[in-house]
Each structure stands twice: as structure tokens, then as C-alpha cells.
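What follows is one structure encoded as C-alpha cells, with my remarks underneath.
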Amino acid sequence: MGYRGLGSCSWKYAYHHSLVSVTNSQIATTPLPSPWRHSCSSLHSTISKGSSPLAVLHAHFIKNGCLQTLNLANYLLTRYVKSTNLDHAHKLFDEILHKNTQTWTILISGFARAGSSEVVFNIFREMLAKGACPNQYTLSSVFKCCSADNHLQLGKGIHAWMLRNGVDADVVLGNSILDLYLKCRVFGYAERLFQLMNEVDVVSWNIMIGAYLRAGDVGKSIDMFRNMPYKDVVSWNTMIDGLMQCGYEKCALEQLYCMVEYGTEFSAVTFSIALILASSLPLMELGRQLHGKVLKFGFNGDGFIRSSLVEMYCKCGKMDKASIVLNDVPLDFLRKGNAGVICMEPKAGLVSWGSMVSGYIWNGKYEDGLKTFRLMVRKLVVVDIRTVTAVISACANAGILEFGRQIHAYIQKIGHRIDAYVGSSLIDMYSKSGSMDDAWMIFRQINEPNVVLWTSMISGCALHGQGREAIGLFEEMLHQGIIPNEVTFVGLLNACSHVGLLEEGCTYFRMMKDVYCINPGVEHYTSMVDLYGRAGRLIQTRNFIFENGISHLSSVWKSFLSSCRLHKNVEMGKWVSEMLLRVAPSDPGAYILLSNMCASNHGWDEAARVRSLMHQRGVRKQPGQSWIQLKDQIHTFVMGDRSHPQDQEIYSYLDTLIGKLKGIGYSLDVKLVMQDVEEEQGEVLLSHHSEKLAVVWHH
DNA sequence: ATAGGGTTAG
């Protein structure tokens, strides 16, 4: 085992024979070396006194000069790495004077597993500089870091070096190179490598299929999935999860049933994925069956699965069931006295607590969410920052600023540093709820070159129509060497279109394609159509749509239609709405927009015809709602709503307010009402718009 | 030693 492939290569440093032979001694797999065994009993007393066993061993090695015995030193190094004590590992590493390939490799693979890519690259460079010869393990660790860090150049360089020197890669090493190329989206290279590899195993196929799914190429991945010679659990998991991520929930469910039929045993990951599937469909029945199996197979101690269960019940609206899962301590694990599981438990438990809090928010039960969060804080000392992040994100999407603020305060109280993750979700929350000052404060406070962080600030500016600020941020970001991604450009283009910065928008769109090689997605195209349309360049808009082959996207036509209305171009508007209805016959928005446009030109008959067509086709529109939060309570309003306990007061106050507004020259744009109602009635409907009701309640 | 699950932004 161990060293192969590189042994025969013409490694350019000559003195490697000795190193290579040492490499062949299999330190990590041999039983404890004898000096260690001798000192075992003497060590035992020291260890039991409470000092760290590894540190004691380390001290012992230094005292007896064992560190310069390579296999002993490597053994200790392995122990440090396995206990994820990387600082100590590095220190020990520096103390070892004569390192062999294995010494370097142990350290490199340790840091690679911890995700410290930069450290790995540095050690690897040092290793080459010292003339040590990397083996298959070393290289696959380095490749892993390359793919985690998107470091295509380095990976390519090493691969080229391997080819030049006739270094064979075994399957594992081949797979890590394959993974690198796929993670960096150079599919051509990956495909050629896949064909040229001497040996291809399940993992290779899984890597390929997973990559195609991530890229959204469902057809190709299904094709490969069918043709692969053997499928393991991971293959099925990858396929089911990927289909779900691509929005093919039904297909994913089908594959899940196929998997059962095929006879592949479920792993913990399968349960986790299947439960997420059940909550996104949502299929309560499937979820309950899965829950039964989870209990049967004893997977209920797994934090991921528990939180998926909680989330599933929350999404199905069964909060009581969710809270039962949450409070169900896995007694099995306690009884077995499985120390590892119990140690993991607080963290895993927190994941499900976080899901529970998010679940309450999802279901609009903010009070319960807050209560659960407080309980969580009281019961568990350490709060996992990741779950807190998810909760903040839920707050942002539900628009409950107060809750988010409390969590923010809590994070500061426990003294946790606000990193890019939490920061991004906080910025998102503050900007969505209108507190731009707070958003800026967080942004300035973090000062990290993180794309998501900058993107959330740019998007926040876009949301508030601060186009110039967004552009300023973007330029500053480029100046700092941060590479923008597709989401960054969504925010930036939106900012441009909101403010009507046509020139700038076009420049950035070109920059995105030409400089950053990002293929525009639906959002980018829609933004561009919006940009041209709002600027009144209707012909240009039409040309843009056909030139880019995006006439199948309903969002594009909807934006175009709004622009037609904005610039009162009825003729173009009619044509656009025909296109829209052809593309999206079951989208209520299409009918509303069209009927609105007819109505604003007094084409009441036509407007009514559109509406009846909509009813005929069974398309229904959800009425718009507005919320407002006062203290701990959320008040919900629908247009013309009379259900609020204090509706009398609200309406009379609203009428007084509108009377006053009219007195100072405010007029309601009756054209904005889509129905064929009398002018007067239209005014009433508009003035009782849900947002107005909510605002009035506030006073 | 290589692949798979839930921290952030549209």
C-alpha cells in the first residue's frame, strides 16, 4: 500500500531514494511502536491527573529524543491531526528535523480536511522547495483544496506536471482531479479526463452526475445515471437531492421510490434529503412514513435528521408534532453511553432548535418563535452561530425587524464576532425592513472581502433605489479585488434599472459576460428588459428579447408590459400581452397586468373579457396583503379588509386622512384599479388598499 | 485519501 505511481517518475531532485524508502514504512497502520508501549504505564498516572494525554505524550517524546525517530514522530503527528488539534500539530511538525513524505502528507491532509486551503498551499510549496516528493495522498489533498478554493490554475499546473513526468494517478487521485475540474466548471477537461482515466469507479460517476446536476443539466445527469454500471447510496442521494435542487420535486420523489425498489439501503443522508423533499412538496404522509423509519433504524440521534424532521412538520403546519420531535431526547444514545454522540448532541440539538424557531416564523407564529428562542438561550449555553444565521434570514423574509434586532443584540451580548455569514443576513434584514443606517453600520463593521457580504449591501441599495451608491460599492469592491458573481450582478443591474441608469446598466451587463464569463440568467435578462423598458426604449427592448432568445420567459414579458403601460404605448402593450398569455396561460399576473392596461385606457370591455378568460381557465389571484408590527403583535390586512377588531376606527381615520390629503392636492390614480368599476368606487377600493390600512392602524 | 446533507446575498 501507500506509495505508488510517483516512485518511478523522474522527480527532479536526486536524493529522494532514501526518502522514498522511508515513506514505505507504514507508520500509521502499524500497532504502537515499542518505546511507546514501554512508557505506557508510567504515562498512565500523569494522564489521569487531567492534563491532555497528547501533550503528555509529546513531552515524553521530547524528553526521550523520540521526535527524531521518524515513525514515532509521525505517529504523534497523526494523533494530533486526528484530534483536530492543528496548532499543536504544526508546532510538532516544526520540531521534527528530518521529515519524510509521510510527515508532510499527514500535516497537509489535516489542514485540507479542516478546509484551510491557504495553509495547505504554503506547506505544499515548502515541501517542494525542500525537495520532498509528494505521493498520491499529498496530491489528492492539494487537489481537494484547489477545488474548494476555486484554484484552477494551481491544480492545472500540478496535473500538467504529472502528465509531463509520466505520473500515473490512481482512481482516488484521478477522482480528485476530476472533482477540481468540475467544481471550476471546466467541463471539457473533465469529460476528457473521465474518458482517459485507466480506472473509473462509482465515485467518479457520482462526481460527474453531481456536477451536471449542480450546473442544472438534468438531462445529461439522468443519462449518465441510467448508464452507470453500479449505483451505491451516494449515487441515489446525489440524484434525488440534485433533482430537488433543480426544482424537479416530482422526479425526485419518483427516484426515491425507484431507490426503494432497487433495494438500496437508506443512509442518514438519504433520510435527511427525503425529509427535505417531503417538506418542500409538501407531503405529510411521506414525512410520517420517513419518521417511522428513522425511529426504526435508530437515526433519530442525528442532528441533521432531527432538524429535517422538525422542518418537515413545520412546513406541513404541524407545529405540535414538530415540538414533540424537538423535545424527544434520543434515549437510546443516552443509555448506550455513547460519549461521542452526547458530545455532539448540544450542537445537533441546536440545529433542530433553530429549525423550530424558523418554523414558527414561517407559520407566522412570531410569539412562539421568540419564546422558543428565549428558551433555547436559557437551556443551552453555547449557541451555534449557523442556526442563528438561518433564523435571522427567516426574520428578514418575514419582515420582523424587532425579533431580528433582539437576536442581533444577543449575538453581541455573548460576544460572538459578526462574521460575513451573520453579517450578510443582518444586512439583508435591516435593508428589507428599511433600516439602511443599521445595514451600513454592520457592513462597515465587518470589513471582509466576502462576495456575499458586498452583494447583500449592493442589493440593499438597489432595493432602496440608491443606484449611485450601489455602483459606488461595486467599483470599490472591484478595487479591493473581490470577484463579483451572478448574484452581485443581479443586484447591480436592478439598481441601475430602478434609477434609469441605462448606459451604466448596459456597460455592466457586457462586463458580466465578457470580463467575468457569467452567462446571464433569468434575473439578469429581466433586469435588462426592465432597464430598456423604463427608459422608454421599447423597440430596443423587443430586439433585446429576440436577440437573446429569451421570449419563453414570462417575467421578461411582464416587465416589458409594465413599461408599455408606463410609456402609454397601447399598441405595443397589446402585442406584448398576447405574447405573455401565450407563454404563461396560468399565471394570474399576466391577466392582471393585461386587464390593468386595458382599464387604464378605458377599455373596460376588454378588461372584463380578460378577467372572464382568467376565470374560465380557473386562474386565481391571491389577494395582496400587508403586515405591520406593533410591539409583539403582527397585524395583517387585505384590501377592503373588515376583519380587524378595530376596523371601524381604522376606516374612519383613513377617510379623514384621505380627506385631508385631498385638501392639499393629493389625487388617487384611479387608473391603477383594474376592475371596471365606477370612478368613485375605484377610488374607494384604492383608498382601502391593504398597505394604507396597515399604515393607518399604526397611528 | 476522492463524491452526497442545511449557515449568508437574487
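In what follows, every chain begins at residue 1, and chains take the letters A, B, ... in the order their sequences are listed. Side chains are part of it too, since the values below use all heavy atoms of this structure and drop only hydrogens, waters and symmetry mates.
Comparing atom distances between the A:S355 side chain and each of B:dG10, B:dG5, B:dG6 picks out B:dG6 as nearest. Of the candidates B:dG6, B:dA1, B:dT8, the closest approach to any side-chain atom of A:V452 belongs to B:dT8. Of all nucleotides listed (B:dG5, B:dT8, B:dA1), B:dG5 comes nearest to the side chain of A:I273. In this structure, of B:dT8, B:dG6, B:dA1, it is B:dG6 that holds the atom nearest to the side chain of A:E311. Distance from the side chain of A:A390 is smallest for B:dG6 among the nucleotides B:dT8, B:dT2, B:dG6. When distances run from any side-chain atom of A:S456 to the nucleotides B:dA1, B:dA9, B:dT8, the shortest one goes to B:dA9. Residue A:V487 has its side chain nearest to B:dG10 when only B:dG6, B:dA3, B:dG10 are considered.
One can place CZ of A:R306 at 18 Å from P of B:dG6, the figure rounded to the nearest angstrom. Atom NE2 of A:H464 is separated from atom P of B:dG10 by 12 Å (rounded to the nearest Å). Rounded to an integer number of Å, the gap from CE of A:M197 to P of B:dA3 is 13 Å. Separating the CG atom of A:N175 from the P atom of B:dA1 is a distance of 15 Å, rounded to the nearest angstrom. Put simply, CE on A:M228 is 10 Å from C1' on B:dA3, counting in whole angstrom units. Atom-to-atom, CE of A:M259 to C1' of B:dG4 comes out at 11 Å; the value is rounded to the nearest Å. Between the CD1 atom of A:I209 and the P atom of B:dG4 there is a distance of 13 Å, rounded to whole Å. To the nearest angstrom, P of B:dA3 lies 5 Å from NZ of A:K144.
Side chain A:S459 to base B:dG10: no donor-acceptor pair is found below 3.5 Å. Residue side chain A:T270 does not reach the base of B:dG5 through any donor-acceptor N/O pair under 3.5 Å, judged by distance alone. Interface remark: the A:D170 side chain does not form any donor-acceptor pair with the B:dA1 base, using a distance-only criterion of under 3.5 Å.
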Task: Candidate pair A:I418 and A:H408, rule side-chain contact (heavy atoms from CB on, under 4.5 Å), full reasoning - done: CA-CA 9 Å; A:I418 293 179; A:H408 183 189; 3.7 Å; yes
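A:S267 comes within 4.0 angstrom of a base, heavy atoms only. Residue A:D201 is classed as having no contact, given no heavy-atom separation below 4.0 Å to the nucleic acid. The residue A:A268 sits close to a base: some heavy atom pair falls under 4.0 Å. Residue-level contact check: A:I276 touches the backbone only, with heavy atoms under 4.0 Å from sugar-phosphate atoms and none from bases.
In the region residues 231-247 of chain A, proximity to DNA chain B at under 4.0 angstrom, judged on heavy atoms, holds for A:D232, A:V234, A:N237, A:T238, A:D241, A:Q245.
Listed by chain and residue number, nothing satisfies the salt bridge (Lys or Arg N to Asp or Glu O under 4.0 Å) test with A:D241 (two or more places apart in sequence, or in another chain). Annotation: salt bridge (Lys or Arg N to Asp or Glu O under 4.0 Å) contacts of A:E469 (sequence neighbours excluded): none. When the side chain to side chain contact (heavy atoms under 4.5 Å, CB included) test is applied to A:S109, the partners found at least two apart in sequence or on another chain are A:S141. The side chain to side chain contact (heavy atoms under 4.5 Å, CB included) search around A:V522 returns A:T526, A:L553, A:S555, not counting sequence neighbours.
Remark: A:S393 is in phosphate contact with B:dA9, judged by side-chain N or O atoms under 4.0 Å from OP1 or OP2. Remark: A:K183 is not in phosphate contact with B:dT2, judged by side-chain N or O atoms under 4.0 Å from OP1 or OP2.
Between A:F443 and A:W454, the ring planes are perpendicular. Angles over 60° get that label, and only those under 30° would be called parallel.
Side chain of A:N363 to main chain of A:C314: a donor-acceptor pair is present (N/O by atom type, distance under 3.5 Å, no hydrogens or angles).
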Just distance, no hydrogens or angles: give the donor-acceptor pairs under 3.5 Å from side chains in residues 486-493 of chain A, sequence neighbours left out.
residue	atom	partner	partner atom	Å
A:T488	OG1	A:T455	OG1	2.9
A:T488	OG1	A:N485	N	3.1
A:T488	OG1	A:N485	O	3.4
A:T488	OG1	A:N485	OD1	3.0

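In this structure, A:H151 and A:C145 have side chains that are not in contact, with every pair of non-hydrogen atoms separated by 4.5 Å or more.
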